[in-house]
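Input: a single structure, listed below in structure tokens.
Just so it is clear, the values below take in all heavy atoms, side chains as well, and ignore hydrogens, waters and symmetry mates.
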Amino acid sequence: MRRDRIFLATTLTAIFSADLYFILLPKLRSIRQTSGHFCSCAPKNFTLPRHGGLASPQLSNWTSALPLDVTTSESDDGISKLERLFSHPLYNIQIPLLGPEERLLQAEQLMEYYRRKVSRWERHMKAYSEAAAVSNITVTEHEVTFDPDASWVKFHLGINRYALYSRDDPAIPKLLREMQSMAVVSADYTQDEKALKGACDCTQVVKPSGHHLKLALKMQNFAKAMFKPMRQQRDEETPEDFFYFVDFQRHNAEIAAFHLDRILDFRRVPPVSGRLVNITGEVLQVTHNEDLRGVFFTSPASNTCFFAKCLYVCKTEYAVCGNPDLLEGSLSAYLPGLSIAPRISIPNPWIRSYTFSGREEWEVNPFYCDTIKQMYPYNSGNRLLNIIDMSIFDFLIGNMDRHHYEIFTKFGDEGFLLHLDNARGFGKHSVDEMSILAPLSQCCMIKRSTLMRLQLLTRREYRLSDVMRESLQADPLHPILMEPHLLALDRRLQKVLRMVQRCVRRLGENEVIARDFEKSTSTPQATTEMREVR
């Protein structure tokens, strides 16, 4: 009997000790550090310590001057929430003067490249017109002029080490307006469409899948944009039984993703605008590709339709149709060509299984991030933090299809990640797919600037759904998102912040929150000494 009491007392002592160490102490620590939220009186010099092989970058105090819990007085001065957001100090952090190493392209180099493309286009059109005349084919000809000061040229010249465009670049709104109205002079398959048919080797850029329905359109001033037509009504949700890799691509998701990327201040999505396209006059009659002509037909309702040439859903029953010729879609501005601005496609470490029953290691191993932190290029620098940024972006839009990401080779390991191909976002407003946040939940790391902006967007005067609604009203196809999708953004944003808060309670701020500005040691000039890592 006495032994039983001793055993019971020992057991209770062990249980109490475990509760004290694993539950009570962390709670007391979190109360002291956060007091229910991120305390603005906490130490401002946040660093990213060595953790599981991740090296500590050398950090500056660019963002440490701003408190983590950003506060702002409310204003009823009539200024829009979006304007107020973009005038906030968090959206006006200045980057250094850009030298040649920080810019993707130089003006002289780009002008020479496009002059050669213009000459090649003119020779091609002359030969095509002569062949069409011999074959008694009517060719729709448009006057085409190359303007060195065109908005799309300025967009290409503005790409730098930190983002695709600057916060106040006037070329971006101008480019959006031009994509909405400028005459289309040529239509063709995109490069990855051609790869599906073996017409080109484009696998180093995009892995061809089976659900493409998009075209490359050339504008009157030689601007080039990718057209994705409307496939799904805005009030439709992706069916519950659909796997993410057979989901539709949605044109409005591409448009909304660009606006959200801009509001988050990532600026890693190329400009996207909605447009009503006359698929007879602006695609069929201007294409020089006979294969593309061959997929057009007239439906029993006398509407003009076309379908894609791909691996799976590429038959007439999966076609898209105009009404009778007009079809709405998204136009995404092309990036500079690979021959002048090479970029590489890298598998996402948190790639999903693209089979009906497979599972990847990260889905079964909660310590998967410890392995990733030991691997190049995630064992130093900011690449892993950029992956976590991307996962937050994808979680907000509900995109489960991020199998690869791309970077410009010129900027090396410290270059930002391009957030391309977002058409499978905004499919389900009623479901929050928490597995998309696996990089954040498993690594428990986030950039300080990202966290500060996310916190700002929860405040009533900057509420994410409100600024998104306002931003999307500028698109000619608005409403782009139905109200349940906008409200889902607020709900998901809260879930991201709660996940960060749990990480801070468990590991402490110094382990979780990383300042994302780095002091360069390679360039002695004062104007380029401080470098932002995005």
### S330 to V272 - nearest heavy-atom pair and separation
CB-CG1, 4.0 Å

#### Entry: side chain to side chain contact (heavy atoms under 4.5 Å, CB included) assessment of R463 paired with T458
CA-CA 5 Å; R463 187 179 291 119; T458 64; over 6 Å; no

### Task
Can you measure from CZ (F258) to CG (L164) and round to the nearest 0.5 angstrom?
10.0 Å

#### Entry: For D261, salt bridge (Lys or Arg N to Asp or Glu O under 4.0 Å) partners two or more places apart
none

#### Entry: Distance, nearest 0.5 Å, that separates CD1 of I446 from CD1 of I388
8.0 Å

### A256 to L472 - nearest heavy-atom pair and separation
CA-CD2, 3.9 Å

### Query
Between V153 and L110, is any pair of side-chain heavy atoms under 4.5 Å apart?
yes

### Query
Just by modelled atom types, is the T145 backbone N or O under 3.5 Å from a matching donor or acceptor in the N221 side chain?
no

## Note on the structure
Those residues at least two apart in sequence (or on a different chain) that pass ring-ring contact (aromatic ring centres under 6.0 Å, His included) with Y165 are none

#### Entry: Any donor-acceptor N/O pair, H88 side chain to L90 backbone, under 3.5 Å
yes

### R268 to F266, cation-pi by 6.0 Å centre distance and 45° axis angle
yes

### Query
Taking atom types as modelled, is there a side-chain donor on K447 or N382 under 3.5 Å from an acceptor on the other?
no

### Message
Test your reading of the model: is there a side-chain donor-acceptor pair from W362 to the backbone of I351, 3.5 Å cut-off?
### Response
yes

### Task
Would you please name every residue forming a salt bridge (Lys or Arg N to Asp or Glu O under 4.0 Å) with E470, sequence neighbours left out?
none

### Message
Pairing donors with acceptors under 3.5 angstrom, does anything connect the side chains of E406 and S345?
### Response
no

Name each donor-acceptor pair under 3.5 Å that joins a side chain in residues 113-123 to protein atoms two or more places apart or in another chain, with its distance.
from	atom 1	to	atom 2	distance (Å)
Y113	OH	S339	OG	3.4
Y114	OH	H156	ND1	2.9
S119	OG	R115	O	3.1

### For F227 against V277, the heavy-atom pair lying closest together
CE1-CG2, 3.6 Å

### Task
For residues L335 and F408, determine if any side-chain heavy atom of one lies less than 4.5 Å from a side-chain heavy atom of the other.
yes

### Task
State the CD1-CD distance between I340 and E112, to the nearest 0.5 angstrom.
9.5 Å

### Query
Counting N and O atoms only, with roles assigned by atom type, does the side chain of N422 sit under 3.5 Å from a partner on the main chain of E254, one being a donor and the other an acceptor?
no

### Query
From N399 CG over to S391 OG, what is the distance, rounded to the nearest 0.5 angstrom?
11.5 Å

### Message
In the structure I gave you, are the side-chain heavy atoms of L451 and L497 within less than 4.5 Å of one another anywhere?
### Response
yes

### Query
Would Q442 and W350 count as having a side-chain donor-acceptor pair, cut-off 3.5 Å?
yes

### Message
Applying salt bridge (Lys or Arg N to Asp or Glu O under 4.0 Å) to R275 and E282, what does each step give before you reach the verdict?
### Response
CA-CA 12 Å; R275 173 166 173 165; E282 296 180 307; 2.7 Å; yes

### Message
For a quick test of reading the model, state the closest non-hydrogen atom pair linking K154 to A171 and the distance between them.
### Response
CB-CB, 3.7 Å

### Task
May I ask you to decide if I397's main-chain N or O and D394's side chain share a donor-acceptor pair within less than 3.5 Å?
no

### Donor-acceptor contact present, side-chain R492 to main-chain L396, <3.5 Å
yes

### Summary
Output for pair (S273 OG, Q180 CD), nearest 0.5 Å, gives 3.5 Å

### Message
I'd like to know if the side chain of Y91 reaches the main chain of R84, judged simply by a donor and an acceptor atom lying under 3.5 Å from each other, with no hydrogens or angles considered.
### Response
no

### Task
Mind checking salt bridge (Lys or Arg N to Asp or Glu O under 4.0 Å) for D413 and listing every partner two or more places apart, or none if nothing turns up?
R383

### Summary
Of H403, K228, K214, R402, the one forming a side-chain hydrogen bond (donor to acceptor under 3.5 Å, both in side chains) with D421 is K228

#### Entry: side chain to side chain contact (heavy atoms under 4.5 Å, CB included) evaluation trace for Q455 with Y462
CA-CA 10 Å; Q455 288 180 313; Y462 304 107; over 6 Å; no

### Task
Could you tell me whether the side chain of Y334 reaches within less than 4.5 Å of the side chain of M226, counting heavy atoms only?
yes

### Task
Decide whether H259 and S471 meet the rule of one side-chain donor and one side-chain acceptor closer than 3.5 Å.
yes

### Query
Looking just at side-chain N and O atoms, do D188 and N289 make a donor-acceptor pair shorter than 3.5 Å?
yes

#### Entry: Closest heavy-atom pair and its distance - A253, G425
CB-O, 3.3 Å

### Message
Keeping T287 on the side-chain end and L284 on the backbone end, is there a donor-acceptor pair under 3.5 Å?
### Response
no

## Note on the structure
Tightest non-hydrogen contact, residues G281 and V286, listed as O-CG1, 3.6 Å

### Heavy-atom side-chain proximity of V320 to R231 below 4.5 angstrom
yes

### Message
Do P100 and R103 have side chains that approach each other closer than 4.5 Å (heavy atoms only, starting at C-beta)?
### Response
no

### Message
Can a donor-acceptor pair be found, under 3.5 Å and without considering hydrogens, that links the side chain of D265 to the backbone of R262?
### Response
no

#### Entry: Distance, nearest 0.5 Å, that separates CG of L417 from CD1 of I346
7.5 Å

### R167 and D169 ion-paired at < 4.0 Å
no

### Query
How about M400 and R424: do any of their side-chain heavy atoms sit closer than 4.5 Å?
no

#### Entry: T450: partners by side chain to side chain donor-acceptor pair (under 3.5 Å), with sequence neighbours left out
D389

### Query
Quick one: does R448's side chain have a donor or acceptor within less than 3.5 Å of a partner on I513's backbone?
no

